[in-house]
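Source: prediction; values computed, not measured. Each chain gets a letter, A, B and so on, in the order the sequences are listed, and its residues count up from 1.
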Amino acid sequence: RKEVEQDPGPFNVPEGATVAFNCTYSNSASQSFFWYRQDCRKEPKLLMSVYSSGNEDGRFTAQLNRASQYISLLIRDSKLSDSATYLCVVTGEMDSSYKLIFGSGTRLLVRP
Amino acid sequence: EPEVTQTPSHQVTQMGQEVILRCVPISNHLYFYWYRQILGQKVEFLVSFYNNEISEKSEIFDDQFSVERPDGSNFTLKIRSTKLEDSAMYFCASMDRTYEQYFGPGTRLTVT
């Protein structure tokens with residue numbers, strides 16, 4: 001089983017649409033959770049951390065369900081500039097390195 | 001806004017040659033990482049570095065790889081004898097006490 005699984009997409013949506021991405025992770029001992037976005041041939045950029053209580057940053061809402069080992073990202077009112085690959089990322093077990101474990105990403109295309 | 005920088009942006013080398021990839025992490029960060037991304041694949045952890053020593057390394061990080069923090073600002077990744085399969089984007093990242101990692105723009109390594 002992959003450590004972090006995501007639907008690769010692409011999700012092709014019109015501007016203004018609401019789109020949701022889901023992700024599952026295999027290690028129940030994972031400590032921290034993130035969504036990053038990656039544009040083509042660029043570095044991953046931190047979009048938001050994900051907390052058990054859920055958190056929102058503008059048009060973006062992230063949720064974590066530890067019992068189901070499931071993470072989600074909701075994007076409201078999609079913009080053309082939201083077109084990118086969205087990476088679900090978890091850390092390993094509580095240890096000294098806090099290495100990041102990446103999913104393969106979900107590609108989003110927002111069309112005019 | 002502080003950022004991670006990396007040089008060079010693109011390195012072309014012949015198989016068997018040594019390369020050194022350089023990174024300047026964000027100045028007050030204490031944890032440093034190297035990741036790589038082969039074209040079309042997911043981002044993979046290579047090594048983490050804290051308190052002037054390696055805290056964790058992946059199976060990819062074999063004896064051909066080494067890291068160093070020679071002074072208070074630079075963080076380097078050396079590949080002693082490059083192989084064709086080392087061709088990838090190499091990302092440096094640094095982390096603050098909130099456990100959020102910030103990535104540099106990457107070095108594209110092409111081994112011919």
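Within 6.0 Å of atom CZ in B:Arg108, more than 12 heavy atoms from other residues, nucleotides or ligands are found, so the atom counts as buried in its surroundings. Annotation: A:Glu3, atom CD; neighbour count of heavy atoms from other residues, nucleotides and ligands within 6.0 Å does not exceed 12. By the 6.0 Å contact criterion, CD on B:Glu59 is open, its count of non-hydrogen atoms from other residues, nucleotides or ligands being 12 or less. Residue B:Asp63 places its CG atom among 12 or fewer non-hydrogen atoms of other residues, nucleotides or ligands, all under 6.0 Å distant.
The hydrophobic cluster containing A:Trp35 also contains A:Phe60, counting ILVMFWY residues as joined when their side-chain heavy atoms lie under 4.5 angstrom apart, directly or transitively. Each of B:Leu39 and B:Ile79 belongs to its own hydrophobic cluster when Ile, Leu, Val, Met, Phe, Trp and Tyr are linked at side-chain heavy-atom distances under 4.5 angstrom. Follow the hydrophobic side-chain contacts under 4.5 Å out from A:Phe21 and you never reach A:Val89; the two are in separate clusters. By the rule that hydrophobic residues join a cluster once side-chain heavy atoms approach within less than 4.5 Å of another member, A:Phe34 and A:Ile101 end up as members of separate clusters. Hydrophobic clustering places B:Ile60 together with B:Leu77 (ILVMFWY residues linked when any side-chain heavy atoms are closer than 4.5 Å, directly or through intermediates).
With rounding to the nearest 0.5 angstrom, the NZ atom of B:Lys42 is 10.0 Å from the CD atom of A:Gln6. Put simply, NZ on A:Lys99 and NZ on B:Lys57 are 13.0 Å apart, with the number rounded to the nearest 0.5 Å.
Of the possible polar contacts, one joining the B:Tyr33 side chain to the A:Ser97 backbone as a donor-acceptor pair under 3.5 Å is found.
For the pair B:Gln6/A:Glu43, no side-chain contact is recorded, criterion being any heavy-atom separation below 4.5 Å from C-beta on. You'll find the side chain of B:Tyr102 reaches within 4.5 Å of the side chain of A:Leu46, heavy atoms only.
Ring orientation note: the planes of B:Tyr99 and A:Tyr98 are tilted relative to one another, at an angle of 30° to 60°.
Residue contact with chain A, scored on non-hydrogen atoms closer than 4.5 Å, involves the side chain of B:Phe91 exclusively. For A:Leu100, the parts lying near chain B are the backbone and the side chain together; criterion is any non-hydrogen pair under 4.5 Å. For B:Ile54, no part sits under 4.5 Å from any heavy atom of chain A, backbone or side chain. With a 4.5 angstrom heavy-atom cutoff, B:Phe49 does not touch chain A via any of its atoms.
Residues A:Gln38 and B:Gln37 share a closest heavy-atom pair of NE2-OE1, 2.8 Å. Here the closest non-hydrogen pair linking A:Arg41 and B:Met89 is O-CE, 4.3 Å. Between B:Gln101 and A:Tyr36, the shortest heavy-atom contact is O-OH, 2.6 Å.
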